[in-house]
A.B. asks: 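Encoded as structure tokens, here's the structure I'll be asking about.
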Amino acid sequence: MSGPASVYLDYAATAPVDPRVAEVMAECLRGPAGNPSSVHPGGRRARARVERARAQVAALVSAAPAAIVFTSGATESDNLGVLGAARAARDRGRHVVTSRTEHRAVLDACRRLEREGFEVTWLRPGVDGRVLAEQVAEALRPDTVLVALMHANNETGVVNEIPEIGRLCRGRGVLLHVDAAQTAGRIPVDVETLGADLVAFTAHKLGGPAGIGALYVRREPRPALDPLLFGGGQEGGLRPGTLATHQPVGFGLACEIAAAALPVEEPRVRALRERLWSRLAVLDRVERNGAAEPSVPGILNVFFAGVEGESLLLELEGIVEASSGSACSSARAEPSYVLRALGRSDAAAQASLRLSLGRFTTAEEVDRAAAALVAAVRRLRALAPEGAMERVA
Amino acid sequence: MSGPASVYLDYAATAPVDPRVAEVMAECLRGPAGNPSSVHPGGRRARARVERARAQVAALVSAAPAAIVFTSGATESDNLGVLGAARAARDRGRHVVTSRTEHRAVLDACRRLEREGFEVTWLRPGVDGRVLAEQVAEALRPDTVLVALMHANNETGVVNEIPEIGRLCRGRGVLLHVDAAQTAGRIPVDVETLGADLVAFTAHKLGGPAGIGALYVRREPRPALDPLLFGGGQEGGLRPGTLATHQPVGFGLACEIAAAALPVEEPRVRALRERLWSRLAVLDRVERNGAAEPSVPGILNVFFAGVEGESLLLELEGIVEASSGSACSSARAEPSYVLRALGRSDAAAQASLRLSLGRFTTAEEVDRAAAALVAAVRRLRALAPEGAMERVA
Amino acid sequence: MSPTDYSPRVRALFAGPPCAGHLPEGPGERRRGEAGSPEQGAWVVFEARVVAGRVGEAVFRAWGCPHVIAASALVAEWLGGRPIGEAADVDVQALAAELDLPPAKLGRLLIVQDAAASLASLGVPGR
Amino acid sequence: MSPTDYSPRVRALFAGPPCAGHLPEGPGERRRGEAGSPEQGAWVVFEARVVAGRVGEAVFRAWGCPHVIAASALVAEWLGGRPIGEAADVDVQALAAELDLPPAKLGRLLIVQDAAASLASLGVPGR
Ligand SMILES: Cc1ncc(COP(=O)(O)O)c(C=O)c1O
Ligand SMILES: Cc1ncc(COP(=O)(O)O)c(C=O)c1O
């Protein structure tokens, strides 16, 4: 391919691995074998590295290292938190509160709970995409055992009122599971401030490798969790299996790097996002999906009236890499259920793009992407029947 | 530390990552971001690499690529196979057959099934460590839905009569789950020959990275599986979560390398193991735990009468890296339940070492390890009260 | 959105579709055919100038996926010079084969076919 | 087996334990004290030569983990020159502190203490 490299605007799906992280992982993989559970020096070395990584991961969310359980990613963390906490509490109550705009990992875990005899209240955010504490307050019942809500939405970037919801839950003795996959390393996340009992996050959204995540499990009081996997007793019995040294090590370093960079990166990325938005706003009939604030810095979800999503993506191929809907669910052709929940029509949801920026995004890239987007939208609108801008809205 | 490097004899716990595997993984990690579920070129590249890896993994066990589900390791594969198959079949029957010498991933999954209302028959192997087809035949009942047995035991290396057991199960319409973590890449494994419906294995025992494994799920007839995790629909709905490209890619290459090396490595490692045994047999009162054959080539489990396990390990520290019991359960101080099931006393089980050889083991290392072991055993025996050889037996 | 791999033919037609846009002024009868809607995943308009029973020139405008745009362009091109009655005879199978169409998208091609057919039978005068 | 980290003191004593082995021939009364068993995780034998009510020389033999061997060696060394009656006074807390003993292993130290004490009170003539 000739010309400049395409602009990667899909950080919310997965972020590039930080080169320093890739390096330390490569070194781990090249090193001598060591099973962190073994007693011999190779095993002890591996264990020491894993424990150092656990401390780095814990520090990112201001938690104690012992409160961090390593998992295979946020999907597993969400499942362990939601299914684990609800199943363990099923004798106390069978009501769970969540929202329609959660990631599928929480959504589908809650649907599973429904099949297991739980009742689930599905909160619907406003058009701004926020789930509010008052909605949760209304939904709580005497038999509510768990509230599962995301810190920020992966499609819109909108941040929910978690601290308020945390206080509410604690006051009622209800467990709170927070999916922080989109916020950890991107805005300050402090498990105490959130008031969460369980917090899920993942390495590959913050410069670490895919295939490793964490579940923060509060120590005091410690929520009972019914494990998903059974076996060698690793991770305090909550998550058996031989721990891969290179994976937590990469995750740990990525957390450390992200934490150090956050004070600079957060405003920088936010400014780039607004720059992108201002350059797209030269088009008629473009709208942001969800509120502009409060939000994570790097997500801009834009609806382009009158265009069709798949054609828009092909038009941008090789120029801009972005997602139509969330990448996690983009194996399906369905329009984004998140945008549908915010009131968009199917066609409008499909005519929306999630443009997500991050660590390595530059102003030059933003300008190049914006120019390509504007040109693409103009061409597709010109190809469309008259009235498309009104009918695809 | 001065002197030569220690001899790594813990391949059954985890094998060193093949340098070529480490290299391709490092290259993956350094490359551009790409979520295999995304539509843009980065995502498509990642997906193509993952699918190539799936084919490589499938080829190692003579399976169709579409029959391979990637998981986080054999622990998860075992849980998905055992819990998944039994739970999905619970309306047809609630009886499961397994053995006392399975890996904890199968053992603890079966215990969990007991708590969920299943009845489990726990077969006990003979002193040779083998579970025989006739034992399975006797245990089968009209309500049996699943037989879960390992291909080879991780502590003794002894190979079970899986093909016969497979025929038996198929004849009765009972699903067979086989834990092949210790055999894949070490002896020929063919899912058809095994007659298995589900086969679990893992990358880190065969030169790949830890944190990635596979579950073979027969296509025709396809066993129903109740998933453990819910979410984005990846891996045919059986295993959601963003797939880490570097992990399957490393696994795939490791499988390809192992398959190519097998015809040479299997006899070579077997000969080294017998060399090690012949050099240890100069000691009085040393015995092999489990039958010498049929076995995987690289595992030798030796009982040293009169010594104490923890002291033996410390005596060997920095010289030989091996496991007392299985590394996977060595976070516990309990004597190996596998050796207990084979009739060893607690003390005798603890006075046993699993010495496991592999790809990079040399004759020089075997001789050095044997000399160190002989010296260590002699010193500890000399330190012990008279009669120890008879009482620790 | 399904990670579709587009054929080179579809890519070329999508990138530079022939016969896209509005019918220029000119002699003859202007006809307009339309089918589909955003809700159906494809929405196609054909316009044709008919002179002596034959299509002098045809153009399309389409809202839809790249296959819809490519198919509409092919049909508009194919219409040129044909008896207008043949606008009802778009061969969907041939079109699908030419575009290497994923089976799931066949419904959208039927919308393209409908739009062309309406040009023949129900064709209303163009604006 | 628990992945214990041994203190430097334990490592040194385990690698080269003083007073290990059998009591050489010599003058005085030979005594033997024993406690524990493989089933208990520690099995310790002390032998001492007693001259004029004091331990002339003491040796140990032990089956057990490195802490047991280290503790037995320390106790045998400590016994040398003491009134034999003091063999009953092994200070388990001090020993545990000196060896940085994991709490779970305290029971094994009690076996070492027992073996020494039996040298004092129930001491039977050595072979
Ligand atoms: C909000 C949210 N939760 C969970 C996940 C799942 O994370 P993982 O890919 O690590 O399983 C993602 C992204 O995929 C996400 O954005
Ligand atoms: C027989 C057997 N099954 C399962 C496992 C678990 O594999 P993993 O460490 O990949 O979870 C192991 C090794 O740890 C094993 O030896």
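Convention: sequence-line order gives letters A, B, ...; per-chain numbering from 1.
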A.B. asks: Considering non-hydrogen atoms only, spot the tightest contact between A/His246 and B/Pro209 and give its length.
C.D. replies: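 What the structure gives for the nearest pair is CE1-CB, 3.5 Å.
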A.B. asks: Could you give me the CA-CA distance, side-chain angles and deciding distance for A/Ser72 and B/Arg239, then say whether side-chain hydrogen bond (donor to acceptor under 3.5 Å, both in side chains) is met?
C.D. replies: CA-CA 11 Å; A/Ser72 65; B/Arg239 214 304 181 167; 2.8 Å; yes
A.B. asks: Using a strict 4.0 Å threshold on nitrogen-to-oxygen distance, state whether A/Asp226 and B/Arg112 make a salt bridge.
C.D. replies: yes
A.B. asks: Less than 4.0 Å between a side-chain N and a carboxylate O, is that true for B/Glu317 and A/Arg44?
C.D. replies: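 Here A/Arg44 pairs with B/Glu317 in a salt bridge, since their nearest N and O are under 4.0 Å apart.
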A.B. asks: Just how far is it from atom OG1 of B/Thr242 to atom NZ of A/Lys205, taken to the nearest 0.5 Å?
C.D. replies: 5.0 Å
A.B. asks: Please identify, among A/Val320, A/Leu107, A/Leu229, the residue contributing the most non-hydrogen atom pairs under 4.5 Å to chain B.
C.D. replies: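 Ranked by heavy-atom pairs under 4.5 Å with chain B, first place is A/Leu229.
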A.B. asks: Sort A/Glu76 into side chain, backbone, both or neither according to what part of it lies under 4.5 angstrom from a heavy atom of chain B.
C.D. replies: both
A.B. asks: Quick check: does any side chain N or O of B/Asn79 sit under 3.5 Å from a backbone N or O of A/Phe230, one acting as donor and the other as acceptor?
C.D. replies: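 Indeed, once roles are kept as given, a pair shorter than 3.5 Å links the two residues.
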A.B. asks: When heavy-atom pairs shorter than 4.5 Å are enumerated against chain A, which of B/Thr75, B/Val82, B/Thr202 gives the highest number?
C.D. replies: B/Thr75
A.B. asks: Which pairs would a plain distance check flag for residues 15-32 of chain A, meaning a side-chain donor or acceptor within less than 3.5 Å of a matching protein atom at least two apart in sequence or in another chain?
C.D. replies:
unit_1	atom_1	unit_2	atom_2	d
A/Asp18	OD1	A/Arg20	N	2.8
A/Asp18	OD1	A/Arg20	NE	3.0
A/Asp18	OD2	A/Arg20	NH2	3.1
A/Glu27	OE2	A/Arg49	NH1	3.3

A.B. asks: Select one option (side chain, backbone, both, neither) describing which atoms of B/Glu321 are under 4.5 Å from chain A's heavy atoms.
C.D. replies: both
A.B. asks: Between B/Leu228 and A/Leu83, what is the shortest heavy-atom contact and its length?
C.D. replies: O-CD1, 4.1 Å
